[in-house]
Amino acid sequence: MSLGETEPSQPRGGESPGSRPGAPDHQVTFDRCELDRILRLYGRKVADGEWRDYAIDFMRDRAVFSVFRRAAEYPIYRIEKNPRQARRQGAYSVISATGLIMRRGHELERVLRVLDKKLSVVAG
């Protein structure tokens, strides 16, 4: 490499590593384990015919997984990850279509239980 040349993988001209032109500085995202857990629940609900579509939004302050009964309506549930709430009530929450926070907590698995209630047969 001659003088003045740089490695192609090194940042140039004030770019931070991993940044794209026009991309926001920082976004909150679901990690692979969180997304896997959410998609397993989503798959079961689709198989049961309850849910039909979803959307994922990554914003500066939170990540949102929205669940739809039909593609052309408002989400029936939103699963949110908000790191600012992590020390207080917990980073994860499930919010209904009316805006009611159904459950909030520090562990995604426990928060998703509000949507993953399994029917049980009671013998009488």
Side-chain angles (χ1 to χ4, degrees):
M1 198 179 300
S2 65
L3 187 63
E5 290 183 15
T6 60
E7 282 288 316
S9 61
Q10 289 183 344
R12 295 180 206 99
E15 290 180 15
S16 61
S19 71
R20 305 182 313 255
D25 294 339
H26 176 70
Q27 288 181 330
V28 177
T29 61
F30 292 108
D31 66 31
R32 173 166 255 157
C33 293
E34 294 165 340
L35 204 50
D36 180 59
R37 176 60 184 102
I38 293 168
L39 289 172
R40 277 189 282 132
L41 170 63
Y42 176 78
R44 280 195 306 275
K45 294 293 190 173
V46 168
D48 291 342
E50 294 181 40
W51 296 352
R52 293 230 172 147
D53 202 3
Y54 72 91
I56 302 176
D57 297 304
F58 300 126
M59 296 172 260
R60 290 182 68 97
D61 61 337
R62 67 183 186 263
V64 181
F65 186 96
S66 302
V67 177
F68 298 86
R69 186 166 288 133
R70 289 179 200 84
E73 62 182 34
Y74 293 102
I76 54 175
Y77 299 110
R78 291 188 332 259
I79 301 164
E80 292 192 4
K81 177 182 178 182
N82 186 341
R84 288 185 179 172
Q85 297 293 325
R87 294 189 125 176
R88 296 182 196 131
Q89 299 106 343
Y92 305 103
S93 57
V94 172
I95 303 168
S96 71
T98 60
L100 173 71
I101 297 174
M102 298 171 62
R103 182 163 295 167
R104 179 179 281 159
H106 298 280
E107 298 172 22
L108 180 62
E109 187 75 30
R110 295 182 85 182
V111 171
L112 291 179
R113 284 186 196 158
V114 73
L115 299 174
D116 199 17
K117 301 216 179 198
K118 302 200 181 197
L119 296 175
S120 59
V121 178
V122 179

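When a residue number appears, it is its place in the shown sequence, counting from 1. This structure is a prediction, so every number in the text was calculated from the model and none was measured.
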Verdict with reasoning, D116 to R37, per salt bridge (charged side-chain N to carboxylate O under 4.0 Å, His left out): CA-CA 11 Å; D116 199 17; R37 176 60 184 102; 3.4 Å; yes
I38 and L108: CA distance, side-chain angles, deciding distance, side-chain contact (heavy atoms from CB on, under 4.5 Å) verdict: CA-CA 9 Å; I38 293 168; L108 180 62; 4.1 Å; yes
Trace of the side-chain contact (heavy atoms from CB on, under 4.5 Å) decision for E80 with I95: CA-CA 8 Å; E80 292 192 4; I95 303 168; 3.6 Å; yes
CA sep, side-chain torsions, deciding dist, call: V46, R52, side-chain contact (heavy atoms from CB on, under 4.5 Å): CA-CA 6 Å; V46 168; R52 293 230 172 147; over 6 Å; no
Pair R69-E50, salt bridge (charged side-chain N to carboxylate O under 4.0 Å, His left out): steps then yes or no: CA-CA 7 Å; R69 186 166 288 133; E50 294 181 40; over 6 Å; no
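Side chain of R103 to backbone of R110: a donor-acceptor contact under 3.5 angstrom is found. At least one donor-acceptor pair closer than 3.5 Å links the side chain of E34 to the backbone N or O of D31.
Residues W51 and L39 fall within the same hydrophobic cluster, defined by Ile, Leu, Val, Met, Phe, Trp and Tyr side chains chained together at heavy-atom separations under 4.5 Å. Both Y92 and I76 are assigned to one and the same hydrophobic cluster, defined by single-linkage of ILVMFWY side chains at heavy-atom distances under 4.5 Å. Under the 4.5 Å side-chain contact rule for hydrophobic residues, V64 and Y74 do not share a cluster.
A63 and F58 get closest at one heavy-atom pair: CB-CD2, 3.8 Å. Closest approach of F68 to P75, counting heavy atoms only: CE2-N, 3.4 Å. Scanning both residues, R104 and V111, for their nearest heavy atoms gives C-CG2, 3.9 Å.
Taking CG of L112 as the start and OH of Y77 as the end, the distance is 12.0 Å to the nearest 0.5 Å. Between the NE2 atom of H106 and the CZ atom of R88 there is a distance of 11.5 Å, given to the nearest 0.5 Å. R78 contributes atom CZ, which lies 8.0 Å from atom OG of S96 (distance to the nearest 0.5 angstrom). Rounding to the nearest 0.5 angstrom, the gap separating the CZ atom in R113 from the CD atom in E107 is 8.0 Å. From L35, atom CG reaches atom OH of Y42 across 12.0 Å, with rounding to the nearest 0.5 Å. Remark: T29 OG1 to R62 CZ distance equals 14.5 Å, nearest 0.5 Å.
A salt bridge between R44 and D48 is absent, with no side-chain N of the basic residue lying under 4.0 Å from a carboxylate O of the acidic one.
Q27 places none of its side-chain heavy atoms less than 4.5 Å from the side chain of M59. Residues V94 and L115 meet the side-chain proximity criterion, which asks for heavy atoms closer than 4.5 Å.
Separation of the F65 and Y54 ring centroids falls under the 6.0 Å cut-off.
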